[in-house]
Amino acid sequence: MNNRILVFSITVALAGFLFGFDTVVISGANKPLQDLWGLSPFMHGTFIMSMALWGTVLGSLMGGMPTQQLGRKKTLFWIGVLFFVSALGSALVSDPYLFSFFRFIGGVGVGVSSVAAPIYISEITSSDKRGQLTGLYQFCLVFGILVAFVSNWALKGFDGADDWRWMLGVEAIPALAYTLMVMRVPHSPRWLVLQKGDDQGALSILTIIYENLDKAKKHLAEIKLDRQESIGQDRLFQKKYKRVLYLGFLIAFFNQLSGINFVLYYAPQILEQAGLGGSDSLFNSIAIGIVNLIFTLIGVRLIDRLGRRQLIIIGSVGYILSLIMVGVCFQFALSSTLLLTFICLFVAAHAIGQGAVIWVFISEIFPNRVRSYGQSWGTGTHWVFAAIITMITPFFIDDKQGLFRDNLEVIYYFFAFMMVLQLLWALFKMPETKGISLEDLEKKLVEHEA
């Protein structure tokens, strides 16, 4: 594997680490902040737990603009700045509404990151390594989740009532490191050609990617042809793009209707309700993070071998079995250890399937000229549903007022049903994208729709 491209990919994928850390670190501050500010389930869910996700919605929907106009590299730099400001601000404020403002800023960084980083990596890699290297973003994401769980557990009791400040503020350190590191990566060659007309600059980067001048010139010619054909035809919402729009929407929709954010964001509370209370709930959250990391690594290793579609099928089967069994554990009050086992199985199914595939798949299916906006469409769908689910969760599981606080199995059975639908979609409608160049994918998924 090309070492320089690997370094560039890992550097950019660290945006995923900040993404994972930022979105899940709030799980450790959930109960302390609820006790501190005494907000109602609606206010707590809206301003404390889901505000970052609403920022993510904005960032993902608008992220295509800076990614397209400023370029992938500059956008990735400003993402780091947003994470840094958010971490410090969230840790220092003493007002729930200022807190939600800084969480919102971090969410914007997450949203733009989920647009710019996968696009950048997919555009600087060859088709045979694109799945693995773009999958590094997801690997770093779940590593960030694991580190957040470990950090929350380690900082519990560190500073008494202000533990949550340290939990949130420590993110400023990796955010600053990432911001400095990303300044050293090159621009995307496809962006240089399509937006700047810098063919020579693009050729120098393509030569690094393919380690062969003739291959680099061949791919440059393909990108230039795409530039000529795309003049005046760069709107995303056209009839000929209806298939890729539908694919981007559905993979993001099913990702969130698996219930993954419901489990990750509220892991300590769910485990407490299952009988694993107190500090044990934070410690057992680490087990979830470890399983997530291990099976994401397996998924990333397999994505260019088995393919995207096959991993979604495998993950769907795992989802259905584990979610039904988690529901059974709650319904019949089975042991908390058994419940934790099936929750870990659910996380493993997500990691090897949707977790490994979603960012790769969305970054591949849209044509070069509208890839930034297409990525915004797919990630925006993902984050809208993530925000809605996270916001309304307190209505269902709140210890005192939750609608299903005594019948949590209903929630898991619903998610299991949605995963049956995902399995049917993967079996009959989802195309395979492994090993196909971005330009050839356009011919496969778009041109026959014109």
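In this structure the side chain of Phe102 never reaches within 4.5 angstrom of the side chain of Leu168, judged on heavy atoms.
Judged purely by atom type and a 3.5 angstrom limit, Asn292 has no side-chain atom pairing as donor or acceptor with the backbone of Val142. Of the possible donor and acceptor atoms, one in the side chain of Arg130 sits under 3.5 Å from a partner among the backbone N and O of Ile436. Here the side chain of Arg308 pairs no donor or acceptor atom with the backbone of Glu432 at under 3.5 angstrom. Side-chain N or O atoms of Gln354 include one that pairs as donor or acceptor with a backbone N or O of Ile251 at under 3.5 Å.
Counting only residues at least two apart or on different chains, no salt bridge (charged side-chain N to carboxylate O under 4.0 Å, His left out) pair has a member in residues 45-64.
Heavy-atom contacts from other residues, nucleotides or ligands closer than 6.0 Å to CE of Met418 number more than 12. By the neighbour-count criterion of 12 heavy atoms within 6.0 Å, atom CH2 of Trp425 is densely surrounded, having more than that number from other residues, nucleotides or ligands. By the neighbour-count criterion of 12 heavy atoms within 6.0 Å, atom CG of Leu427 is densely surrounded, having more than that number from other residues, nucleotides or ligands. More than 12 heavy atoms of other shown residues, nucleotides or ligands fall within 6.0 angstrom of atom OH in Tyr178.
For the salt bridge (Lys or Arg N to Asp or Glu O under 4.0 Å) test, residues two or more places apart in sequence or in another chain that qualify with Arg103 are Asp22.
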Exercise for review: Would you sort out whether Tyr412 and Phe330 count as a ring pair (Phe, Tyr, Trp, His ring centres under 6.0 Å), showing the intermediate values?
Suggested key: CA-CA 9 Å; Tyr412 293 96; Phe330 274 112; 5.6 Å; yes
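Judged by distance alone, the side chains of Gln422 and Ser316 do bring a donor and an acceptor atom under 3.5 Å apart.
With respect to Phe253, the ring pair (Phe, Tyr, Trp, His ring centres under 6.0 Å) criterion is satisfied by exactly one of Tyr246, Trp377, Phe385: Phe385.
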